[in-house]
Amino acid sequence: MNNKIFNLLILLVLISTNLFSQEEITVKEIDGHIKHLASDQLKGRKPGTPEGKLSAEYIANDFKKSGLKLIAKKGFQYFNIITKVEYGKNNKLKLNKINYQLKKDFVPLSFSANKKLNKEVIFVGYGFDIKTDKLKWNDYENIDVKGKIVMVLRGDPEINKRQSVFIPYSNNRAKLLTAKDKGAIAVLFVSGNQIDSKDKLLKIGKSRSNSRADIAAIHIKRNIADEILKKTKKNILELEKSINKDKKAQSFSTKTKIKFTTDVNYKEAKTQNVVAILEGSDMNLKNEYIVIGAHYDHLGMGGHGSGSRRPDTLAVHNGADDNASGVASILELAEKLSKEKTHKRSVVFIAFGAEEMGLLGSKFFVKSKLIDTKKIKAMLNFDMVGRFDSKTRNIVISGTGSGKEIEDLLKSKNTSNFSLSFSKEGYGPSDHASFYAEDIPVIYFSTGAHDDYHTPKDDLEFINIDGQKELTNFSYTILVDVINRDKNLTFQEAGPKKKSKYGRGLKVTLGIMPGFGTSNIKGLRVDGVRKGGPAYNGGMKKADVVIEINDESVANIYDYMNRLTKCKTGQRITVKVLRNKKEKLLIIQL
Ligand code: BES
Ligand code: ZN
């Protein structure tokens, strides 16, 4: 080989390595991250398990490798979660010399305080203290409950109405709080005929984010309630009827004492967020922070109460899309940003724990003040970014109303012909909601829901890695802008800050997964159709957009819910959908 050719070769090698080193976000690396995090070995990354911790360690190591500084405790911000609620051995209830039985006659509620009491019972109807323009109803008005036990009816007089003024006052927790405010030391809940004609006892551990109340709460069956009412010659079903009719307080002392012990145990476990930082280069702006987040936890082996949509199948819920994909994206973004050193503001990368249990990791982070939330100027969230559809090129971006400049920014960076579906709401089913609640502008990237969501089939083989790389590169341009722009994004309110109330549970369902992030289309996009469900049998397909139910228009999820509540089981309804821009009428048997 002569010298010239040799030099040329050297030059070529230099150029190509230089080119390659530019490319920090690679298919190989995304694939590697998801392969590892979604492997059976990590058993679905359940919070509080050894595998959950191993997942966190993998992420911390990768942050470190990319040159980020691990903060909190070597990158781990620990917090406690409740993994299980169980009845202890000491649950007792005695009345008029009768000993009643746990789970047959009574159960303490999962949020009950553990108490031993022997006190008089006051009946307080539905246990309301409502003062609104539309409604005034105070069950505690003419009766003193200080230091006493109250007995309340569950629910409210309009339990079958979807939209009702009573809804915020109807749940057990709200009633317990009212009783406590009035000085009661315990609440006995009893079902009327309307809320449960069969009088079944509540199940323990249903709520995913338990926090204990400071007074006792017991669910008793109607036989116990009637025994308590015996001296007054009343019974609970008659009382229910008469209160529903008069719609006002009918409170009185039962002149009867009840003796009980509640014993509910919480099993706790330690889990963690993984937090790392890239310090800003600008003297002044480095005191401002941009958060890039993705949750790394998932549902473990599934099962009842886990959030799995196949609760009867115990199998590894690998969560390749939900949300190994999001973690892979932020690891790649961290690496690229660290190498390219284009960051005036400081950037905090967080892999959140326990998102699936109710956004627990992100809630803990914002409350922890590890970083002062006032200094956090924007939050970018990645949750389920692995199922990019190369045909439609759709990316769902939520929170776009939470900052004045966000939609324009996204449009201006869309040079790769993505079809961007904007959803303005700052609240949503993932960690950005915790930041939006603190008045921080949020941008949430996702490729949307699908049939395998929260099932053991959310696997690597269905991830579109090339597509995810495209999405991640696009988000990088947004992130660089947000980090380095002269003026921060301007926060705007975009919808409620908490879970919005759709009203009460639907009686009939179509068996579809409604899409969100579609506020720029009219109708309700269908993100999944359950096999064998009414919609499936009626010929509905994924990506259909529901625009009418029984000739009445459907513009969004709220309309959809409202139209559906008017329908009854067994009824045949017509549903008009848009499929490939053409209208199609389906007949669906409910
Ligand atoms: N990744 C999901 C949220 C999601 C669902 C994103 C569908 C895109 C499409 C998240 O992990 C999740 O499961 N969220 C819960 C709510 C949360 C507060 C526990 C949900 O959607 O039920
Ligand atoms: Zn999930």
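Indexing begins at 1, ligand by ligand and atom by atom, following the structure's order. Along the sequence shown, residues are numbered consecutively beginning with 1.
In summary, the atoms of ligand 1 found under 4.0 Å from a heavy atom of H295, numbered by their order in the structure, are 11 (O). Close approach of ligand 1 to L359 (heavy-atom distance below 4.0 Å) involves ligand atoms 18 (C). Less than 4.0 angstrom separates some heavy atom of A449 from each of these atoms of ligand 1: 7 (C), 9 (C). Ligand-side atoms of ligand 1 in range of S446: 8 (C), range being under 4.0 angstrom from any heavy atom.
Nearby protein atoms of type N, O or S around the Zn ion (ligand 2) amount to 4 (distance under 2.8 Å).
With hydrogens and angles left out, the side-chain atoms of D383 and H295 include a donor and acceptor closer than 3.5 Å.
At a 4.0 Å heavy-atom cut-off, ligand 1 touches H454 through the side chain alone. Neither the backbone nor the side chain of M357 comes within 4.0 Å of ligand 1, counting heavy atoms alone. Under 4.0 angstrom from ligand 1, there are no non-hydrogen atoms of S430. No part of F382 comes within 4.0 Å of ligand 1, judged by heavy-atom distances.
Using a cut-off of 4.0 Å between Lys/Arg side-chain N and Asp/Glu carboxylate O, R525 and D527 are scored as salt-bridged.
The shortest N or O to N or O distance between P429 and ligand 1 is under 3.5 Å. Taking any N or O of D322, backbone or side chain, at least one lies under 3.5 Å from an N or O belonging to ligand 1. Ligand 1 has no nitrogen or oxygen under 3.5 angstrom from a nitrogen or oxygen of Y444.
One distance of note links CG of N381 with NE2 of H432; it measures 6.0 Å at 0.5 Å rounding. Between L202 atom CG and R154 atom CZ the span is 4.5 Å, to the nearest 0.5 Å.
Because its NZ or CZ atom is not both nearer than 6.0 Å to the ring centre of F189 and within 45° of the ring axis, K175 does not count as a cation-pi partner of that residue.
The closest approach between any non-hydrogen atom of H298 and ligand 1 is not below 4.0 Å. For the ligand labelled ligand 1, residue D383 lies inside the 4.0 Å heavy-atom shell.
The number of heavy atoms from other shown groups lying within 6.0 Å of CZ (F491) is above 12. Atom NZ of K457 is surrounded by 12 or fewer heavy atoms from other residues, nucleotides or ligands within 6.0 Å.
Counting only residues at least two apart or in different chains, salt bridge (charged side-chain N to carboxylate O under 4.0 Å, His left out) contacts with residues 45-59 comprise K43-E51.
Shown are D431, N273, L359, L360; of these, the side chain to side chain contact (heavy atoms under 4.5 Å, CB included) with F365 is made only by N273.
The aromatic rings of Y58 and H33 sit perpendicular to each other, their planes meeting at more than 60°, with 30° as the lower class boundary.
For the pair S419 (side chain) and N394 (backbone), a donor-acceptor distance under 3.5 Å is absent.
Counting heavy atoms from C-beta outward, Y560 and I512 have side chains that approach closer than 4.5 Å.
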